[in-house]
Amino acid sequence: MPDLTSLNPAQRDAVTAPDGPVLVVAGAGSGKTRVLTTRIAHILDSGVYPSEVLAFTFTNRAAKEMKVRVANEVGEGNAPFWIGTFHSTGARILRTHADKLGLSRDFAIYDSDDQKRLLKNVLSDLNIDIKQFGIPGCRTAISAWKNQDIAPETATQRTTTYIEEVYAKIYTAYRKALRQCNAVDFDDLILETVHLLEDHAAVRREYASKFRHVLVDEFQDTNELQLILIKALCSEHGNLFAVGDDDQSIYGWRGARVENMLQFEDYFPGTHLFRLEQNYRSMGNILDAANAVIANNKRRKGKNLWTDAGKGDLLSVEQHLDAEDEAARVVEIVQEEKHKGLDRGAITVLYRTNAQSRLLEDALRRARIAHQVVGSVQFYERREIRDLLAYLKLTANPADEVSMQRVINQPKRKIGATTVGRLLECAHNHEIAVGNLVERPDLLQMDLGNAAGKRVHAFLTQLNSWRRAAYDGMPVPELLQKIIADISYETFLHADEPDTAAGRMENVAELVNGAFAFHEASDGGTLQQFLEQTALVADQDTIQDGEGAVRLMTIHTAKGLEFPVVVLTGCEDELLPHVTAMNEDAEAGAEEERRLFYVAVTRAMKRLYLLSASRRRKFGTYEDTLPSRFLGEIPDELCETRELDSGWQQPVGRTLFGDAPAPRDPRKPAGHRPPLQRRDTYTPPPRSRAKPRPAAAGWDQDVAQSAPFYEGQLVRHGSFGAGLVIRVEGVGDDVTVTVDFPDHGRKHILPRFAPLFPVD
DNA sequence: GATCGATGATTTTTT
DNA sequence: ATCATCGATC
């Protein structure tokens with residue numbers, strides 16, 4: 001019997017709701033996951049078998065968490081095993097019924113990189129100018145069609161403009177090419193599952209009655225296709241339990257439709273509706289700020305979160321000179337928080353775009369603060385990892401032309417573009433999967449010529465030996481090691497890029513480790529399963545907690561998580577809200593961006609910092625920015641504002657041994673902040689903080705030179721490492737700093753010539 | 001077929 | 001500013 005006593009009345013009502021459609025509108029931090037897991041326990045308690053429960057989550061991480069939490073409630077053996085993302089569940093169903101869709105069971109899953117490469121091939125085959133019809137545009141168009149369940153033929157019929165006509169042509173060819181490679185893309189995982197259920201009544205009945213309860217988390221982020229899938233799966237019993245928050249819908253660009261939630265009762269008549277409005281996460285001031293901001297959205301169901309917790313600290317709203325200063329301030333905040341007794345793992349830095357992480361990372365690294373970037377340059381995106389995965393993919397699926405193109409000459413086998421083109425043409429003409437041409441050296445010789453044909457055949461023979469090994473049951477980690485050895489990958493990396501080879505080999509080792517971990521966890525899983533996991537498990541699914549490291553991630557990645565301290569950087573117009581979000585429908589775009597801001601704010605439990613910079617580099621040159629309009633929507637009395645203004649300026653010509661504390665400005669009305677004084681009005685650049693940031697590469701010479709050093713300061717030298725400042729002599733350019741280095745003894749350093757960085 | 005250098009796009013968010 | 005892609009040259 002699940003424990004209902006610790007739930008509040010609204011939560012309890014939702015958990016014990018009768019069968020039939022249920023919608024739970026769950027505000028941020030209102031115990032949504034708890035309700036979902038307890039509901040599952042409640043369902044199981046009523047005599048439903050674990051195998052009869054299907055639950056969809058938004059990320060694999062959420063799926064894992066839910067599995068663990070349900071297992072805690074009902075015991076290890078009783079946990080449902082159909083808990084997953086729409087994509088992984090789709091893949092699971094498709095594997096069993098691949099034959100009904102003209103796919104073979106070992107179909108590959110193409111991620112966005114594979115997709116881009118395939119599209120590139122398609123465009124060049126169709127002789128379409130890549131500059132006129134860019135890959136991103138094609139992807140958006142194709143994805144939009146797929147998400148509305150529009151087939152290439154229908155798309156072609158419906159075209160009204162020339163541009164649409166071309167896109168439809170690309171869509172048609174792309175789909176054909178995917179099939180030729182025996183592959184599906186992310187959208188197909190759902191689209192083809194829908195087709196399977198629509199076109200095969202028996203299969204639909206099988207799944208619709210096999211699962212007696214369907215649960216969906218983050219319902220506000222489902223798209224049209226996912227709704228169709230959900231409807232099909234509930235067609236027999238109608239037992240749908242959906243949880244979501246319309247105010248946290250931030251995936252509109254990916255086809256997510258808040259309407260699925262706003263019009264839920266129309267789609268599922270007889271719905272029981274519940275609202276969770278008590279927030280257990282954030283302190284009062286943070287929550288009030290979030291409520292005030294989101295109230296400006298028109299398209300919402302409307303709710304007001306409240307909390308029992310006290311007001312807590314004020315929000316710190318700070319404007320800094322530029323993104324570098326902002327990053328320096330992040331370092332400072334981390335140190336201040338540490339003094340307040342908080343572990344670094346309690347702090348998370350959020351940003352709108354991945355590109356912003358670079359500067360923050362640099363600053364944290366220089367300050368030697370342990371940190372972990374979640375997302376951005378994902379592990380699986382690294383070239384060496386992708387190369388090796390392509391080898392494995394090709395081993396599993398000899399029709400995978402994208403992977404073939406990727407690895408056939410990597411390392412160099414003297415097989416160039418011309419030969420590869422002929423090879424693919426040969427495969428198409430004879431309708432043989434490209435890898436299977438190993439059986440037909442005659443065709444290779446005929447179509448590619450003698451010499452090239454032999455080189456290609458030699459490679460295909462090697463590929464075939466791996467294929468055989470995998471077929472004979474060689475475990476994935478061993479197979480991977482065999483491939484790495486067979487192609488002398490380490491030697492290749494060293495020859496190719498000596499500087500980065502060591503680091504890349506570490507990544508390779510990490511991949512091998514991952515393969516071993518997979519092998520153990522899956523009890524000898526197949527190559528197929530391994531590849532599926534790497535294709536569907538994103539980096540953000542591997543967030544580790546309590547590592548004592550500051551975490552950095554995009555707001556999108558942070559959804560569903562909570563942190564004691566949140567530092568939201570880049571609170572600037574054009575960045576948050578992002579310019580491009582307002583291109584299509586400015587109103588809708590702004591509302592989605594506001595929801596994004598809302599998500600960021602509601603991640604914070606104890607303290608929230610909202611930072612902005614008054615200028616930021618864009619394509620190498622500085623551009624002035626304005627504070628985000630969302631900051632102005634936060635009531636003044638909730639914030640403590642710090643901003644730059646001319647009062648901070650030092651008179652021209654004075655040395656900037658700035659130990660003077662930065663004056664705290666009296667509160668100004670939010671949203672009417674005076675523009676910051678620009679650097680070009682003053683000769684020595686104004687410093688925003690008492691302590692200057694460490695000099696970054698490319699930082700103005702004069703600033704680097706006048707960087708003040710003081711006794712007892714921790715500094716870092718390019719070759720001597722970290723050291724302690726013993727004495728500072730002279731002024732300006734002539735300053736001499738005496739530093740004690742633990743490993744190199746006492747040195748006299750002229751910061752003017754030898755770079756010496758303060759370590760904050 | 002490979003290598004070097006110039007050129008141009010790139011920055012929204014992710015399964 | 002940085003990276004990838006393309007073209008000219010060997």
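Residue numbering restarts at 1 for every chain, and letters A, B, ... go by the order of the sequence lines.
Under the side chain to side chain contact (heavy atoms under 4.5 Å, CB included) criterion, A:Ala91 pairs with A:Ile109, A:Leu189, A:Glu532, A:Leu536, sequence neighbours left out. Qualifying side chain to side chain donor-acceptor pair (under 3.5 Å) partners for A:His87, counting only residues two or more places apart in sequence or in other chains: none. With sequence neighbours left out, the side chain to side chain donor-acceptor pair (under 3.5 Å) criterion links A:Glu259 to A:Arg299. Legend: residues meeting salt bridge (Lys or Arg N to Asp or Glu O under 4.0 Å) with A:Arg139, ordered by chain and number and at least two apart, are absent. For the side chain to side chain donor-acceptor pair (under 3.5 Å) test, no residue two or more places apart in sequence or in another chain qualifies with A:Thr602. A search for salt bridge (Lys or Arg N to Asp or Glu O under 4.0 Å) contacts involving A:Asp447 returns nothing, not counting sequence neighbours. Under the side chain to side chain donor-acceptor pair (under 3.5 Å) criterion, A:Thr222 pairs with A:Asn260, sequence neighbours left out.
For the pair A:Arg358 CZ and C:dA1 C1', the interatomic distance rounds to 9 Å; values are reported in whole Å. The nearest whole Å value for the distance from the CG atom in A:Asn121 to the C1' atom in C:dT5 is 15 Å. For A:Leu359 and C:dA1, the CG to P distance is 13 Å, given to the nearest whole Å. Between the CZ atom of A:Arg383 and the P atom of C:dT5 there is a distance of 11 Å, rounded to whole Å. To the nearest angstrom, P of B:dT14 lies 12 Å from CZ of A:Phe186. To the nearest angstrom, C1' of B:dT14 lies 14 Å from CG of A:Leu189.
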5' to 3', nucleotides 1-8 of chain B under a 4.0 Å protein heavy-atom cut-off (B base, S sugar-phosphate only, - none) gives SSS-----
N/O contacts under 3.5 Å, protein versus nucleotides 10-13 of chain B?
| from | atom 1 | to | atom 2 | distance (Å) |
| --- | --- | --- | --- | --- |
| B:dT12 | OP2 | A:Thr580 | OG1 | 3.0 |
| B:dT12 | O2 | A:Arg352 | NH1 | 2.8 |
| B:dT12 | O2 | A:Arg352 | NH2 | 2.0 |
| B:dT13 | OP1 | A:Asn354 | N | 2.7 |
| B:dT13 | OP1 | A:Asn354 | ND2 | 3.1 |
| B:dT13 | O2 | A:Trp253 | NE1 | 3.2 |
| B:dT13 | O2 | A:Arg352 | NH2 | 2.6 |

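Between A:Asp113 and A:Lys116 there is no salt bridge, since no side-chain nitrogen of the basic residue lies less than 4.0 Å from a carboxylate oxygen of the acidic one.
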